[in-house]
Trainee: 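Mind looking over this structure? Questions follow.
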Amino acid sequence: MDKIDFSVRSVLAGEAPKDIPVTIKGWVRTRRDSKAGISFVHLSDGSSFHPLQVVAPSTLSNYADEVLKLTAGCALEAEGMIVPSPAKGQPFEMQASAIRVIGWVEDPDSYPIQPKPHSLEYLREVAHLRPRTNVIAAATRVRHTLAKAIHSFFDANGFFWVNTPIITGSDAEGAGALFRVSTLDLANLPRTEEGAVDFGKDFFGRETFLTVSGQLNIEAYCLALTKVYTFGPTFRAENSNTSRHLAEFWMIEPEIAFADLSDDATLAERLLKSALGTLLKERQDDLAFFDERIEKGLVAKLEGIVGSEFVRMDYGEAIAVLERATEKFEFPVKWGVDLQSEHERYLTEKHVKKPVVVMNYPKDIKAFYMRSNDDGRTVAAMDVLAPGIGEIIGGSQREERLDVLDARMVERGIDREHYAWYRDLRRYGTVPHAGFGLGFERTMAYVTGLANVRDAIPFPRTPGHAKY
RNA sequence: UCCCCGGUAGCUCAGUCGGUAGAGCAAGCGGCUGUUAACCGCUGGGUCGCUGGUUCGAGUCCGGCCCGGGGAGCCA
C-alpha cells in the first residue's frame, strides 16, 4: 500500500497514519510562498472547517511551473507524509512529495470566490460557487448535522418518518398560495362546455398542486402509528420578500396521537433542545466560526436554550404583557388580534429573552382544524417564538370531534366533500391528537446566526429566483 | 404587493459645491519571509445599472425602468 485516501478532517484529527504517505484531494484556499524554498498551500475538501496546510518544497518537479501558479479554487491532489506542524495554527500538516493539479482556475483575476470576506448578498448571486466559502460550507455541515439530529431524536422516541406526498389534490386550507402541477399544454388548454379549464384532462384527472403542508396526510398515519413525522420540502407561492420566507423550504411536522396541546408543546421543546445539544457536541468548529464572524455569543445562546425551560404563556397573558409594555408598537394590541412581528419580537427578545410558547389563540385568527377550547372563543393552537427569527414553530391540537369540525367548516365556508377523507379520520376511531410544523431553514438561521434563510438552504427559491 | 435604502474596477467601498475616476483586497511581475485571509514595491484593470432630461459640462441634479437588500403583510 503506497498511498491511502483520507479527508482533511481525519488528518487534522490525527487519524491519518504518520508512517506512510497519504493522499488528500481538495481545492486551494490560499497559497503563500517562501523564497527559502517552500510554498504553503491551504487545501480544503469540505470535510472540516479548517483546511489542511500542505507544505510544498521547491524540489517538486512541477514547483516553478505549477505550484507557484496555484490560485484560490484550483483542484489538486497532494501526496505526502503527515507530520506535526512546527508552527502555530494547525496540529498537523502535510510534507508534500507530489502535487498533481487536477483542475485549474481559468482567469484567476475574475474567479468570483476570493480569499476575503464576501457579502452574503453577493454570494447568493454565485450560488453554484458559494459552497466553496467558509460560511456556506459551515452552514452546509450544520444543516446536515441538524437534520440528522432531528431524525435521531424522533427515532429514539419511537416516531416513524412518513414521506407524505409532494403533489397534492387538497389545498390544506389557509396555509398559503399554491404552485400548480400540470402537464396540460398551456398554449392549448382543454375547456369544458362552460369554458373553464378542463382539469379532468390533466395528468391526475383533477387539479393538483405542490404541497403546502404534510399535516393533513400525516394525521392519517398518526391515527394508526401513533407517533409519526414528516421531513420534506414544502412549497408556497406567496410573493413574500423577507429574510424569513422561501418559496421552497423544508419542514418537520410531527403528529402524536392520544395527546393534547400541552403534550405538543413539550414535544416541541424536547425536540429543539435535543437537536441543539447534538449540534453543540458535533459541530464545534463550525459553531465557533459562526460565533466569531456571524453572531457574537451564539454558542452561549444555544447552550442557554438547551439548559433552560421554555416559557409558556397563554395568548391572553401575552396580550396583557404587551399592553403593559412601555414599548411603542406600530400596531395596537388588544385581545382578538393576531400578534404582529414586532409583538412577537418583544415577547421573545425583550420580555423573556429566550424561546417562548404562546398558546390558546382566538379561534377567528386560526385554521379550521384546530381544536376548539371549552371557553368557546379560543382554539388549542401554539406558536414557538425564538429571538431574532420570530415564529419558528406553529402547531395545534387537532379537532377530533366530527360535529365540532363540521361546524367550523361551515363557519369558514369550506366544502366538506373536499375534505371527505379527512373527515373519515374523525368517523373511524377518532382520538385527540396534536402536531406542529418546524421550519427547518428558520431553525438553521437561529442556530447559525445567519440573518436570512436564503443563506441557510443550498439553492434558495424566492420570487424571481430559480436560476441555479 | 407596499414602504425605505442601495447599484462606481473581479470583490468591499470612497468620490466634497456639478468640472471629466480613487483606495484596500484580488490578479500579474519583483522583493522578503516556516508562512497563517502575511508584508513591501511596481503594473494592468471602469458602458459609474439602463434610459431620457436639465446644463457649456452629470458618477453627482430630475423623470422612467431594471436589479439587489432591509422592513411590513402572508407564514414555517
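Letters A, B, ... mirror the listed sequences (proteins, then strands); counts begin at 1.
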Trainee: Choose from B:G34, B:U12, B:G73 the nucleotide whose nearest atom is closest to any side-chain atom of A:Thr242.
Mentor: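 For the A:Thr242 side chain, the nearest candidate turns out to be B:G73.
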Trainee: Report yes or no: do A:Ser262 and A:Arg312 form a side-chain donor-acceptor pair below 3.5 Å?
Mentor: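 Their side chains do contain a donor-acceptor pair, which is all the 3.5 Å distance test asks for.
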Trainee: Which nucleotide in the list B:C75, B:G10, B:G34 gets nearest to the side chain of A:Pro86?
Mentor: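 Taking heavy atoms from C-beta onward, the closest nucleotide is B:G34.
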Trainee: Would you mind pulling out the nucleotide paired to B:A21, Watson-Crick or G-U wobble, both distances under 3.5 Å?
Mentor: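 In the structure as shown, B:A21 has no Watson-Crick or wobble partner.
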Trainee: Is the centre of the A:Phe231 ring less than 6.0 Å from the centre of the A:Phe440 ring?
Mentor: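 Here the rings of A:Phe440 and A:Phe231 have centres that are less than 6.0 Å from each other.
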Trainee: OP1, OP2 of B:G69 versus side-chain N and O of A:Arg454: anything below 4.0 Å?
Mentor: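 For B:G69, OP1/OP2 do have a side-chain N/O of A:Arg454 under 4.0 Å.
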Trainee: Under 6.0 Å between the ring centres of A:Phe153 and A:Tyr229?
Mentor: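 No, too far apart.
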Trainee: Counting heavy atoms from C-beta on, name the nucleotide in B:A72, B:C11, B:A76 closest to the side chain of A:Phe249.
Mentor: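 Out of B:A72, B:C11, B:A76, the nucleotide with an atom closest to A:Phe249's side chain is B:A76.
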Trainee: With heavy atoms under 4.0 Å as the rule, sort A:Ser39 into base, sugar-phosphate or nothing.
Mentor: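 Since no nucleic acid heavy atom lies under 4.0 Å of A:Ser39, the category is nothing.
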Trainee: Assess A:Lys363 against A:Phe368: is NZ or CZ under 6.0 Å from the centre of the six-membered ring, and within 45 degrees of the ring's axis?
Mentor: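 No - A:Lys363 does not lie over the ring of A:Phe368 by the 6.0 Å and 45° rule.
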Trainee: Does atom CZ of A:Phe459 have more than 12 heavy-atom neighbours, drawn from other residues, nucleotides or ligands, at distances under 6.0 Å?
Mentor: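 Atom CZ in A:Phe459 is crowded, with more than 12 foreign heavy atoms closer than 6.0 Å.
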Trainee: Side chain of A:Ile38: nearest nucleotide among B:A26, B:G70, B:G34?
Mentor: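 Nearest listed nucleotide: B:G34.
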Trainee: Can you identify which nucleotide, out of B:G73, B:G34, B:A27, has its nearest atom closest to the A:Gln340 side chain?
Mentor: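 Looking only at heavy atoms from C-beta outward on A:Gln340, the closest nucleotide is B:G73.
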Trainee: Need to verify one output field. Residue with the more 5' nearest nucleotide on RNA chain B, A:Pro108 or A:Phe331?
Mentor: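 Here A:Pro108 is the residue nearer the 5' end.
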Trainee: Does A:Arg124 put a side-chain nitrogen or oxygen below 4.0 Å from OP1 or OP2 of B:G69?
Mentor: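 Looking at the OP1 and OP2 atoms of B:G69, one of them is under 4.0 Å from a side-chain N or O of A:Arg124.
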Trainee: Would you confirm whether the ring centroid of A:Phe329 sits within less than 6.0 angstrom of the ring centroid of A:Tyr346?
Mentor: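 Aromatic pair counts; centres sit under 6.0 Å.
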Trainee: Taking pairing as Watson-Crick or G-U wobble with both contacts under 3.5 Å, can you name the mate of B:C65, or confirm there isn't one?
Mentor: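 Matched B:C65 with B:G49 under the 3.5 Å cut-off.
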Trainee: In whole Å, what separates the C1' atom of B:U36 from that of B:G18?
Mentor: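 The answer is 48 Å between these two C1' atoms.
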Trainee: So among A:Asn360, A:Leu261, A:Val358, which one has a side chain to side chain contact (heavy atoms under 4.5 Å, CB included) with A:Met382?
Mentor: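 Of all the options given, the one that passes is A:Leu261.
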Trainee: Write down the atom of A:Ile99, the atom of A:Asn62, and the distance for their closest heavy-atom approach.
Mentor: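 Heavy-atom minimum between the residues: O-ND2, 2.8 Å.
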Trainee: Would you say the side chain of A:Asp33 and the base of B:U35 hold a donor-acceptor pair, judged only by whether the two atoms sit under 3.5 Å apart?
Mentor: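 Counting by modelled atom types and ignoring angles, no donor-acceptor contact under 3.5 Å is found here.
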Trainee: Is there aromatic stacking of A:Phe40 against B:G34, centre distance under 5.5 Å, plane angle under 30°?
Mentor: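 So A:Phe40 does not count as stacking on the base.
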Trainee: Going by heavy atoms closer than 4.0 Å, what residues in residues 349-361 of chain A are next to RNA chain B?
Mentor: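 Listed by number, there are none.
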Trainee: OP1 or OP2 of B:A72 sitting under 4.0 Å from any side-chain N/O of A:Arg244?
Mentor: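 Indeed, a polar side-chain atom of A:Arg244 lies that close.
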Trainee: Establish, with yes or no, whether the OP1 or OP2 oxygen of B:G70 is under 4.0 angstrom from a side-chain nitrogen or oxygen of A:Asn452.
Mentor: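 Yes, A:Asn452 has a side-chain N/O under 4.0 Å of OP1/OP2 on B:G70.
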Trainee: Which of these nucleotides, B:G68, B:U12, B:A72, is closest to any side-chain atom of A:His465?
Mentor: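 When the side chain of A:His465 is considered, B:G68 is the closest of B:G68, B:U12, B:A72.
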Trainee: As a test of reading the structure: which of B:G70, B:A26, B:A76 is closest to the side chain of A:Glu391, going by heavy atoms?
Mentor: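 It is B:A76.
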Trainee: Counting only side-chain N and O atoms of A:Ser243, is one of them less than 4.0 Å from OP1 or OP2 of B:G70?
Mentor: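 So the side-chain polar atoms of A:Ser243 never come under 4.0 Å of the phosphate oxygens OP1 or OP2 of B:G70.
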Trainee: Nearest to the side chain of A:Ser341, heavy atoms from C-beta on, is which of B:A72, B:U1, B:G68?
Mentor: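 Of the options given, the side chain of A:Ser341 lies nearest B:A72.
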Trainee: Could you check which of B:A76, B:A37, B:C11 has an atom nearest any side-chain atom of A:Pro115?
Mentor: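 From the listed options, B:A37 comes nearest.
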